[in-house]
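Written out below as structure tokens is the structure these notes cover.
In what follows, chains carry the letters A, B, and so on, assigned in the order in which the sequence lines appear, proteins first and then strands, with residues in each chain numbered from 1.
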Amino acid sequence: MTGLDNHHGSLRVRRCLEICALVVTTGLLSGLLVSCSGENAPSSSPNQTESLAGVDADANGVRDDVDRYIDTTYADQTSADLNKALRQYAKAVQSSLVDADSQALSLTHATERFRALECLMARRPREFHAIFVAVRAQLLNTPSRSAAYLKADDQVKTANIPLLPADQWMTACQS
Amino acid sequence: MSVMNSKIVVVLSLSILLGAGWFPDAGAQVQSQSACQNATAPRTAIYFVNGVTTTLDEARLNGGKLELEFLSKLPTMAPTVQAMCHLFFLNINPTSGAVKDFLEAGQQRLGLTSTTFWQGLEGLGLATSGVITQVLQRPITNADQIDQATIVRHATAYREQIAPPSCRRVLIVPHSQGNLYSNASFDSVFSQVLPPPLGTLKIVGVATPADRVGGNGLYRTSSTDVLISGIRLVLPGTLPANTNWGISPLLLSPAYSGGHSFIGYLTAEPSRTQILTDMESSLLALAAVNPC
């Protein structure tokens, strides 16, 4: 057996190990992912409707179930600024869902979403992404809302939405 | 069961925050670049190009993360790089159709709710289920079939940045499938009848499924990137892994466990520092070339 054979053999073994590791970790973490799915879905909320727009009793532009999520998740005094940034983003997403059939309005709302996200990055420059993932999952909690969000994206897929530079992100905050 | 799973989520979230050094942070105004106050300072345009699991909002956040991390390291970069004014842009790779496919497949094949899907879009479950690989298979195995209109749009943007009156050097930082678009756009820019000066456009790839980087640019792919590792098993020509996420607890989070997230690459070490170092050396090379 030559050194090259040994090399190829070890490569094969390494590849097999990689595949085995992938299979094992996939099983473990996919299981975790699915096991976590049920009760985290806000669809169990009794006040939530399944319609695209949902219920916005206080007419603040944000669905009531999302309002509740933001208020309960970021209830403490030190999160007041974050609470406002998330509500700004939630309002822009809600508009995007409702107006997803309109290309012009989709562009307007995508721009609003960009400003809201820049505000979020300005206020939480280290942890913004985990916060975003969680709140967006609440916003897009039904297939119809998820589909409308993607349709709104599709409406502006060739648009060039201007970005604010990082030193101006604070100016994107509406409150 | 519900309480137990909630505890798991809390523990994972906490470990992510602690492990990544993500302590709760009050908003702090980012300082403007001093070179940008000087009208005669050379300008560079730094583009982020998103991958296939990235929606428009995530693309904005990925571009923002790149800007934040770059600006945080800029004061320690070479004086030549500090003397340049760096402007950040997005070149969007439209992904809504692909994400819709992932959503439908995730619901049908993995039994995910919409909420869980969005929580784990870049997690291990979707990355290894075959759902994403299936959607990626065609564009990744045949670069000719990636969207030509997008390539033209991206290449036009780069040419306009380099040409007068802008006269900017361009650095592209693509993620995942964005690398295929960036390579194709790079080729398009320099295959014109009157191409810009060589060396005015560079690429620093992240999590690349490609077998090359346009212009012999630099790249970083993590050994813990499940999606790219899976592609490499099918396509051995895929560039080898040359970084990792260390023992980052991000890999245990549903949101980042696929090891493929751009945010993860720019949070975990050593991948974060290596990407920023690659950007610095690419910008130094760009500085040596006059675009106009």
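For the pair A:Met121 and B:Gly64, the tightest heavy-atom approach, listed with the atom from each and the gap, is SD-CA, 3.6 Å. In terms of heavy-atom proximity, B:Gln119 sits nearest to A:Ala137 at CG-CB, 3.6 Å. When every heavy atom of A:Leu163 is checked against every heavy atom of B:Phe88, the shortest pair comes out as CD1-O, 3.8 Å. Taking every heavy atom of both residues into account, B:Tyr256 and A:Ala130 meet most closely at OH-N, 3.6 Å.
Side-chain contact between A:Gln168 and B:Ser32 is absent, with no heavy atoms from C-beta onward closer than 4.5 Å. Using a 4.5 Å heavy-atom threshold, the side chains of A:Asn160 and B:Ile92 count as separate. Side-chain contact between B:Phe262 and A:His129 is absent, with no heavy-atom pair separated by less than 4.5 Å. Side-chain contact between B:Leu61 and A:Phe132 is present, with at least one heavy-atom pair separated by less than 4.5 Å. Side-chain contact between B:Ile263 and A:Phe128 is present, with at least one heavy-atom pair separated by less than 4.5 Å. The closest side-chain heavy-atom distance from B:Ser114 to A:Leu140 is not below 4.5 Å.
With sequence neighbours excluded, no residue forms a salt bridge (charged side-chain N to carboxylate O under 4.0 Å, His left out) with A:Glu112. In this structure, the salt bridge (charged side-chain N to carboxylate O under 4.0 Å, His left out) partners of A:Arg113, at least two apart in sequence or on a different chain, are A:Asp153, B:Asp57.
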Set out, in order, the CA-CA distance, both residues' side-chain angles and the distance that settles side chain to side chain contact (heavy atoms under 4.5 Å, CB included) for A:Ser146 and B:Trp118, then state yes or no. CA-CA 9 Å; A:Ser146 299; B:Trp118 290 109; 2.9 Å; yes
Working for side chain to side chain contact (heavy atoms under 4.5 Å, CB included), residues B:Leu90 and A:Ile161: CA-CA 9 Å; B:Leu90 286 183; A:Ile161 303 172; over 6 Å; no
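Checked options A:Asn141, A:Thr142, A:Leu139; the residue passing with B:Thr115 is A:Asn141 (criterion: side chain to side chain contact (heavy atoms under 4.5 Å, CB included)).
For B:Leu87, no part lies under 4.5 angstrom from a heavy atom of chain A. Contact of A:Ile131 with chain B is not made at all, since no heavy-atom distance falls under 4.5 Å. Contacts between B:Arg60 and chain A at a heavy-atom distance below 4.5 Å involve backbone atoms as well as side-chain atoms. Residue contact with chain B, scored on non-hydrogen atoms closer than 4.5 Å, involves the backbone and the side chain of A:Ala166 alike.
Below 4.5 Å, heavy atoms of chain B meet no heavy atom from residues 93-107 of chain A.
Once rounded to the nearest 0.5 Å, the distance linking CZ of A:Arg126 with CG of B:Leu68 reads 10.5 Å.
The salt bridge (Lys or Arg N to Asp or Glu O under 4.0 Å) pairs that include a residue from residues 83-95 of chain A are A:Asp67-A:Arg87, A:Asp71-A:Arg87, where partners are two or more places apart or lie in different chains.
A donor and an acceptor atom, one from each side chain of B:Thr55 and A:Arg136, are located under 3.5 Å apart.
Contact count versus chain B (heavy atoms, under 4.5 Å) is highest, among A:Thr158, A:Asp154, A:Asp167, for A:Asp167.
Shown here is B:Gln31, whose CD atom has no more than 12 heavy atoms of other residues, nucleotides or ligands within 6.0 Å. Counting heavy-atom neighbours within 6.0 Å of A:Leu52 CG, excluding the residue itself, gives a total above 12.
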